[in-house]
Amino acid sequence: MRIFKTNSGILVQKEEKHYLLETDWDSFLCNDAVYADTLKRINQMTPLTSDTSELTIKPLPPVGKQEIWASGVTYFSSREARMEESKDAGGGDFYDRVYHAERPELFFKSAPYRAVGHGDQVRIRKDSKWNVPEPELTLVITPNARIVGYTIGNDMSSRDIEGENPLYLPQAKSYDGAAAVGPCILLTESPIGSETTIEIQIVRNNEEVFKGETKLGQMKRKPEDLVHYLFREMSFPHGCLLMTGTGIVPPDSFSLQQGDLIHISIEGIGVLSNIVA
């Protein structure tokens, strides 16, 4: 089932039926049994008969008090891109090491108030000349480190800043409008399948300028392993969201421009669309 955060409450979509829950968002996502409890709850409710398209066309970002974290170099294509962009700074070897290491790269991506949702504007830094979106499966995790759902994430990145020096990664990755999540959360009983497809399309002046896709199975690390390391020495009283890295990297000649439309789709979740400001 899919859940949308809206101004009217939590909209639950199960097959073709919709239900509206007047429940606190953060308490809702802190529940390790949120799928079973939600299913039980809506089975006792009458589906909405009114049009819900307005709520699903422009939902709120599916985040409340949850921090947003991210993973790096989890796909081979990401390793190659990071090594190439930082070779002149002598940092290429770092990315090869982290790709093969037991410990993953994890970094803080965004406070919830800096994140944007479906239909909102993402930003490129004014002091950067090489910017790309990074489409990523994003885990929804409870305070007890349990993965209860999935959403779509766009990890906006300034490649020239990170490439200049790996220590500049926080500036390349974390700024206002650098994280987009949505449009909803897919609640599941079991982990999302390795054959799940992640796709991205970038449109400029009504023309497609980039398109790519990958399979979740191409990710080197297991989502559960990323969560294990993230929760090793940190607590998340409201749970958190964790972007799992990208397997789609545009060519080095490509950079986002203001006005570009970014469409990221993941099977079973939907499409996250944003315009570049």
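Values below: every heavy atom of this structure, side chains too, minus hydrogens, waters and symmetry copies.
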Student: Are any non-hydrogen side-chain atoms of Asp252 and Arg159 less than 4.5 angstrom apart?
Tutor: yes
Student: Checking Trp25 against Lys5 for the side-chain contact (heavy atoms from CB on, under 4.5 Å) test, could you report, in this order, the C-alpha distance in whole Å, the side-chain angles of both residues, the deciding distance, and whether it holds?
Tutor: CA-CA 8 Å; Trp25 179 262; Lys5 185 180 182 183; 3.5 Å; yes
Student: To the nearest 0.5 Å, what is the distance between CD (Glu213) and CD1 (Ile266)?
Tutor: 12.5 Å
Student: Short question: side chain of Lys215, backbone of Ser194 - any donor-acceptor pair under 3.5 Å?
Tutor: no
Student: Locate the shortest heavy-atom distance separating Lys109 from Ala70; write the atom from each residue and the value.
Tutor: CB-CB, 4.1 Å
Student: Scan Asp37, Thr38, Thr142 and name whichever one has a side chain to side chain donor-acceptor pair (under 3.5 Å) with Asn31.
Tutor: Asp37
Student: Is the NZ or CZ atom of Lys14 positioned over Tyr19's six-membered ring, under 6.0 angstrom from the centre and within 45° of the axis?
Tutor: no
Student: Counting only heavy atoms from other residues, nucleotides and ligands, does the tally under 6.0 Å from NZ of Lys58 exceed 12?
Tutor: yes
Student: Side chain of Ser157, backbone of Asp155: donor and acceptor closer than 3.5 Å?
Tutor: yes
Student: Using every non-hydrogen atom in the two residues, find where Ser128 and Asp160 come nearest and quote the distance to one decimal.
Tutor: OG-OD1, 2.6 Å
Student: Would Glu134 and Lys173 pass as an ion pair if we require N to O under 4.0 Å?
Tutor: yes
Student: Show the nearest heavy-atom pair for residues Pro59 and Pro183, with the distance to one decimal.
Tutor: CG-O, 3.4 Å
Student: Sub-3.5 Å donor-acceptor pair from the side chain of Asp260 to the main-chain atoms of Leu256, do we have one?
Tutor: no
Student: Go through the side-chain N and O atoms of Arg221 and Thr244 and say whether any donor and acceptor fall under 3.5 Å apart.
Tutor: no
Student: Do Val227 and Asp225 make a side-chain contact, defined as non-hydrogen atoms from C-beta onward lying under 4.5 Å apart?
Tutor: no
Student: When the ring planes of Trp69 and Phe108 are compared, do they come out parallel, tilted or perpendicular, using 30° and 60° as the limits?
Tutor: perpendicular
Student: Taking the side chain as every heavy atom from C-beta outward, state whether Gln171 and Arg125 have any atom pair closer than 4.5 Å.
Tutor: yes
Student: Can you tell me how far the CD1 atom of Ile124 sits from the OG atom of Ser255, to the nearest 0.5 Å?
Tutor: 6.5 Å
Student: Kindly work out whether a path of hydrophobic side-chain contacts (I/L/V/M/F/W/Y, heavy atoms less than 4.5 Å apart) joins Leu11 to Ile42.
Tutor: no
Student: Do Leu242 and Val116 share a hydrophobic cluster, counting only Ile, Leu, Val, Met, Phe, Trp and Tyr and linking them when any side-chain heavy atoms are less than 4.5 Å apart?
Tutor: yes
Student: Can Val122 be reached from Ile248 by stepping across I, L, V, M, F, W or Y side chains whose heavy atoms are under 4.5 Å apart?
Tutor: yes
Student: Could you pull out the closest heavy-atom pair between Gly9 and Leu20, with the gap in Å?
Tutor: C-CD1, 4.0 Å
Student: Is there a donor-acceptor contact under 3.5 Å linking the side chains of Tyr229 and Glu105?
Tutor: no
Student: Short question: side chain of Asn274, backbone of Ile262 - any donor-acceptor pair under 3.5 Å?
Tutor: no
Student: Do the side chains of Asp176 and Arg123 get close enough for a salt bridge, i.e. N-O under 4.0 angstrom?
Tutor: no
Student: In sequence, state the C-alpha distance, the side-chain angles, and the governing distance for Thr196 and Glu267, and then conclude on side chain to side chain donor-acceptor pair (under 3.5 Å).
Tutor: CA-CA 6 Å; Thr196 299; Glu267 287 181 284; 5.0 Å; no
Student: Where do Tyr35 and Glu189 come nearest, in terms of heavy atoms and distance?
Tutor: CE2-CG, 2.9 Å
Student: Under the 3.5 angstrom rule, does the side chain of Thr138 hit a backbone N or O of Gly153 as a donor-acceptor pair?
Tutor: yes
Student: Given side chains that start at C-beta, do those of Val271 and Ile264 come closer than 4.5 Å, heavy atoms only?
Tutor: no
Student: Measure from the side-chain N and O atoms of Asn144 to the backbone N and O of Arg146, and report whether any donor-acceptor pair falls under 3.5 Å.
Tutor: no
Student: Does the Ser71 side chain pair with the main chain of Met243, one donor and one acceptor, at a distance under 3.5 Å?
Tutor: yes
Student: Taking Ile141 as the starting point, is it possible to reach Leu216 by hopping between hydrophobic residues whose side chains are less than 4.5 Å apart?
Tutor: yes
Student: Do the non-hydrogen side-chain atoms of Leu21 and Met45 ever get within less than 4.5 Å of each other?
Tutor: yes
Student: Under the 3.5 angstrom rule, does the side chain of Asp26 hit a backbone N or O of Lys65 as a donor-acceptor pair?
Tutor: yes
Student: Under 3.5 Å, side chain of Thr188 to main-chain N/O of Ser190, donor-acceptor pair present?
Tutor: yes
Student: Looking at CG of Leu230 and CG of Leu139, how far apart are the two atoms once the value is rounded to the nearest 0.5 Å?
Tutor: 9.5 Å
Student: For Arg204 and Gln258, indicate whether the former's side chain and the latter's backbone hold a donor-acceptor pair under 3.5 Å.
Tutor: no
Student: Any idea which heavy atoms bring Arg2 and Cys184 closest together, and the distance?
Tutor: CD-SG, 3.7 Å
Student: Is it true that Phe4 and Val34 fall in one hydrophobic cluster, defined by side-chain heavy atoms closer than 4.5 Å?
Tutor: no
Student: Could you state the interatomic distance from CG (Leu187) to OH (Tyr150), rounded to the nearest 0.5 Å?
Tutor: 11.0 Å
